[in-house]
Amino acid sequence: QVQLVESGGGLVQAGGSLRLSCAASGRTFAVLAMGWFRQAPGKEREFVAAISRSDGSTYYEDSVKGRFIASRDNAKNTVSLQMNSLKPEDTAVYYCAAGSIPLHSTYYYYTSRYAYWGQGTQVTVSS
């Protein structure tokens, strides 16, 4: 089992920045790929970003490329999402997720590939 706890959400004005963090405990963190997803009211949960388990490869949804940066610290069992130039359409509950995903695959984008999820943290961007 893996337990994930997100933190760092909040209210920010458009153009501002937030940094989300996710602390993992349980199974060996370093063998798991980590993903960030978000869900806005009335919408399905969608992929935001992911980082591979070992070589640090990152993957981003098109609308956040150049604005969001995913990183991980395997020594501290944490993963972070630095969100810059935030827009009102980024408003959502953000979830951290972990899964066993092969390197350099397309599976990072799919919620079904992640076995473990955090409780979510609210991000609200005002215009």
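Expressed to the nearest 0.5 Å, how far CD1 of I69 lies from OG1 of T58 amounts to 9.0 Å. Between the OG atom of S71 and the CD atom of Q82 there is a distance of 8.5 Å, given to the nearest 0.5 Å. Interatomic distance, S52 OG to R72 CZ, rounded to the nearest 0.5 Å: 7.0 Å. How far CG of L11 is from OG of S126: 5.0 Å, rounded to the nearest 0.5 Å.
In the displayed structure, Y60 atom OH is contacted under 6.0 Å by more than 12 heavy atoms of other residues, nucleotides or ligands.
Judged purely by atom type and a 3.5 angstrom limit, Y114 uses its side chain to pair as donor or acceptor with the backbone of Y108. Looking at E6, its side chain does come within 3.5 Å of a backbone N or O of G120 through a donor-acceptor pair. Side-chain atoms of Q39 come within 3.5 Å of backbone atoms of K43 as a donor-acceptor pair (strictly under, hydrogens ignored). Between the side chain of T91 and the backbone N or O of V125 there is at least one donor-acceptor pair closer than 3.5 Å. A donor-acceptor contact shorter than 3.5 Å is absent between the side chain of E61 and the backbone of E46.
Nearest heavy-atom pair across L4 and A24 is CD2-CB, 3.6 Å. Nearest heavy-atom pair across L32 and A98 is CD1-CB, 4.0 Å. The two residues S85 and R67 have their closest heavy-atom pair at O-NH1, 2.9 Å. When all heavy atoms are compared, the tightest approach of A70 to A49 is CB-CB, 4.3 Å. Shortest non-hydrogen contact noted between C96 and V79 is SG-CG1, 3.9 Å. Annotation for Q122 and A92: closest pair NE2-O, 3.4 Å, computed over non-hydrogen atoms.
No option in Y94, F37, W36 other than F37 meets the ring pair (Phe, Tyr, Trp, His ring centres under 6.0 Å) test with W117.
R38 is listed as a side-chain neighbour of V64, based on a closest heavy-atom distance under 4.5 Å. Between H104 and S57 there is a side-chain heavy-atom pair separated by less than 4.5 Å.
In this structure, R53 is not positioned above the aromatic face of F29 in the sense of NZ or CZ being under 6.0 Å from the six-membered ring centre and within 45° of the axis. Cation-pi geometry between R45 and Y95 is met: the NZ or CZ atom falls under 6.0 Å from the ring centre, inside 45° of the normal.
A side-chain donor-acceptor contact under 3.5 Å links Q3 and S25. Side-chain polar atoms of T78 and D73 form no donor-acceptor pair below 3.5 angstrom.
A salt bridge between D90 and K87 is absent, with no side-chain N of the basic residue lying under 4.0 Å from a carboxylate O of the acidic one.
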